2 protein chains.
Amino acid sequence: MTTRTEDASADVGGAANSARSAATRDRILAVAEQLFAEHGVFAVSNRQVSEAAGQGNNAAVGYHFGTKTDLVRAIVNKHSQQVEKKRGELLCEIEGSTNVRDWISCLVRASTDHYAEMGGPTWYARFSAQILTDPVLRKIVYDEVLASPTLQETLRGLSDCLADMPMSVRRARADIGRNAIVHMFAERERTLAEEGPDAVTSWEDFTTDLVDALVGLWTAPISR
Amino acid sequence: MTTRTEDASADVGGAANSARSAATRDRILAVAEQLFAEHGVFAVSNRQVSEAAGQGNNAAVGYHFGTKTDLVRAIVNKHSQQVEKKRGELLCEIEGSTNVRDWISCLVRASTDHYAEMGGPTWYARFSAQILTDPVLRKIVYDEVLASPTLQETLRGLSDCLADMPMSVRRARADIGRNAIVHMFAERERTLAEEGPDAVTSWEDFTTDLVDALVGLWTAPISR
């Protein structure tokens with residue numbers, strides 16, 4: 001039988017272990033994201049991630065996450081939750097709007113706000129662009145991201161503004177628009193990393209330019 | 001001293017060897033392109049490519065091409081030369097045009113015509129999309145592709161139609177447009193491979209839809 005004091009001290013020990021474990025997981029996620037962005041998701045091994053995260057145990061990624069795919073999914077989930085929250089807030093502002101620009105702004109700004117808030121150098125955009133083009137990872141990760149309730153709601157809002165558009169044209173423009181958003185954030189992040197802050201526009205101008213272009217894309221006359 | 005007959009027979013032997021070597025190289029390029037598209041450029045080893053190309057020697061890729069990067073560059077060069085030729089022909093048709101749509105059509109059709117001509121299943125679009133997002137390969141391969149004389153001439157023609165556009169907006173739209181073209185071909189190729197021919201539009205409609213969207217993108221009003 002344990003005393004009350006022993007119980008409490010065991011709890012404190014458990015909480016400390018759990019906090020250490022959470023800190024280690026966060027550290028691994030951050031290091032992995034940077035290494036993947038800079039060197040490629042497949043060029044970097046789980047062992048290299050573990051070492052760069054300062055883990056004496058080279059199998060730390062395996063212990064805390066599992067496979068490379070599990071690690072990739074954890075990085076995506078971390079960011080998705082934050083983008084999801086932002087998009088939810090933005091959606092409240094435009095409920096019922098019939099203006100194409102409102103819905104496109106919502107799509108773009110959910111990400112812009114997330115990146116702007118992270119501040120400093122980021123790596124997630126270059127990482128995301130790789131996931132989106134990898135034949136295996138895209139299937140695993142991408143469906144989860146597309147299933148986001150707020151993303152679906154935003155796409156429905158946009159779709160309702162363009163009720164006369166044939167389905168195949170709508171699908172093509174959605175594909176172009178989605179790719180444009182992911183890859184434009186990656187281009188900006190890459191340019192910032194390689195050429196410095198003078199080589200990129202402000203987040204405000206970046207958002208305006210991207211929204212202008214996407215509104216043009218979505219509302220372009222249809223030839224066929 | 002060798003006789004004339006010996007010389008000639010040595011030549012024939014040399015030519016046969018050289019033809020065999022060229023056939024092996026072609027076979028490796030085709031197999032690598034498919035494996036990379038389906039499983040990922042970094043998930044597939046040079047040894048796996050050599051084996052899948054039916055080479056008894058597992059080091060065949062190394063012998064014929066060198067590193068993974070050399071192999072990737074050879075695949076890109078093979079296609080680039082063909083696209084370059086098509087774009088040159090298309091450029092002749094629109095020399096001096098001041099119509100944005102003409103220049104955008106030229107950009108898109110150079111690729112559409114190349115894919116349509118290859119016929120059957122293709123893999124190059126999914127492969128290209130991966131290269132474009134990989135942090136290391138994009139630097140090595142992409143600069144070569146962008147340096148294409150006919151590509152530069154087409155971009156100049158498009159640029160001349162939009163002389164009043166601020167440089168930063170022009171750069172953003174060029175980035176979106178370039179990414180849209182690469183990734184839309186990859187999306188179509190992937191859909192065709194996974195869902196069959198009924199799931200994609202014809203090359204003609206695909207081209208029209210993509211050109212419509214890109215004209216909208218390039219000519220969209222500028223807010224700032």
Side-chain angles (χ1 to χ4, degrees), chain A residues 36-44 101 126-139 166 168-169 171-173 175-184 186-188 190-191 193-194 199-201 204-206 208-224, chain B residues 36-44 101 126-139 166 168-169 171-173 175-184 186-188 190-191 193-194 199-201 204-206 208-224:
Chain A
F36 291 161
E38 291 179 342
H39 305 288
V41 172
F42 281 100
V44 177
R101 190 175 185 94
R126 284 167 287 173
F127 164 84
S128 300
Q130 290 176 56
I131 301 305
L132 190 60
T133 52
D134 182 81
V136 178
L137 294 177
R138 85 187 298 275
K139 279 192 199 131
S168 64
V169 173
R171 184 173 170 175
R173 293 184 182 184
D175 283 346
I176 301 177
R178 187 177 61 247
N179 278 301
I181 292 175
V182 173
H183 295 292
M184 285 308 288
E187 296 271 3
R188 186 185 189 278
R190 188 181 298 119
T191 305
E194 290 173 3
V200 298
T201 51
E204 191 183 334
D205 286 348
F206 174 85
T208 304
D209 289 348
L210 186 49
V211 170
D212 281 353
L214 293 179
V215 170
L217 168 95
W218 272 101
T219 58
I222 298 166
S223 298
R224 66 177 174 105
Chain B
F36 291 161
E38 291 178 343
H39 305 288
V41 171
F42 281 100
V44 176
R101 191 177 184 93
R126 283 167 287 173
F127 164 84
S128 299
Q130 289 176 58
I131 301 305
L132 189 61
T133 52
D134 182 81
V136 178
L137 293 177
R138 83 186 300 275
K139 279 191 199 131
S168 64
V169 174
R171 183 174 168 175
R173 293 185 182 184
D175 282 347
I176 301 176
R178 187 177 60 248
N179 278 303
I181 293 175
V182 172
H183 295 292
M184 285 307 289
E187 296 271 4
R188 185 184 189 280
R190 187 181 301 118
T191 305
E194 290 172 3
V200 297
T201 51
E204 192 184 331
D205 287 347
F206 174 85
T208 304
D209 289 347
L210 186 50
V211 170
D212 282 352
L214 293 178
V215 169
L217 169 95
W218 272 102
T219 59
I222 299 167
S223 298
R224 66 177 175 106

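In this text, all values refer to a predicted model and were calculated from it rather than measured experimentally. Quick note on labels: first sequence line is chain A, next is B, and so on, each numbered from 1.
For B/Phe36, the part lying under 4.5 angstrom from a heavy atom of chain A is the backbone only. Contacts between B/Gln130 and chain A at a heavy-atom distance below 4.5 Å involve backbone atoms as well as side-chain atoms. Only the side chain of B/Thr191 comes within less than 4.5 Å of a heavy atom of chain A; its backbone N, CA, C and O stay farther away. Neither the backbone nor the side chain of A/Arg188 comes within less than 4.5 Å of any heavy atom of chain B. Only the side chain of B/Asn179 comes within contact range of chain A, with at least one heavy atom under 4.5 Å from a heavy atom of that chain. Of the two parts of B/Ala213, the backbone and the side chain both hold a non-hydrogen atom closer than 4.5 Å to a non-hydrogen atom of chain A.
Between B/Thr201 and A/Ser168, the closest heavy-atom pair is CG2-CB, 3.9 Å. Contact detail for A/Gly216 and B/Ala220: the closest heavy-atom pair is CA-CB, 3.6 Å.
The NE2 atom of B/His183 sits 6.5 Å away from atom OG1 of A/Thr133, with the distance rounded to the nearest 0.5 Å.
For chain A, the option among B/Met184, B/Arg126, B/Arg224, B/Glu204 with the highest count of heavy-atom pairs below 4.5 Å is B/Arg224. With chain A as the partner, the residue from B/Val136, B/Val169, B/Asp212 showing the most heavy-atom pairs under 4.5 Å is B/Asp212. For chain A, the option among B/Leu214, B/Leu132, B/Ile181, B/Asp209 with the highest count of heavy-atom pairs below 4.5 Å is B/Asp209. When each of A/Arg173, A/Arg190, A/Glu38, A/His39 is checked for heavy-atom pairs under 4.5 Å with chain B, A/Arg190 comes out on top. Comparing B/Leu210, B/Thr219, B/Ile222 by heavy-atom pairs within less than 4.5 Å of chain A, the highest count is held by B/Ile222.
Looking at B/Val211, B/Thr208, B/Asp205 one by one, the single match for side chain to side chain contact (heavy atoms under 4.5 Å, CB included) with A/Ser223 turns out to be B/Thr208.
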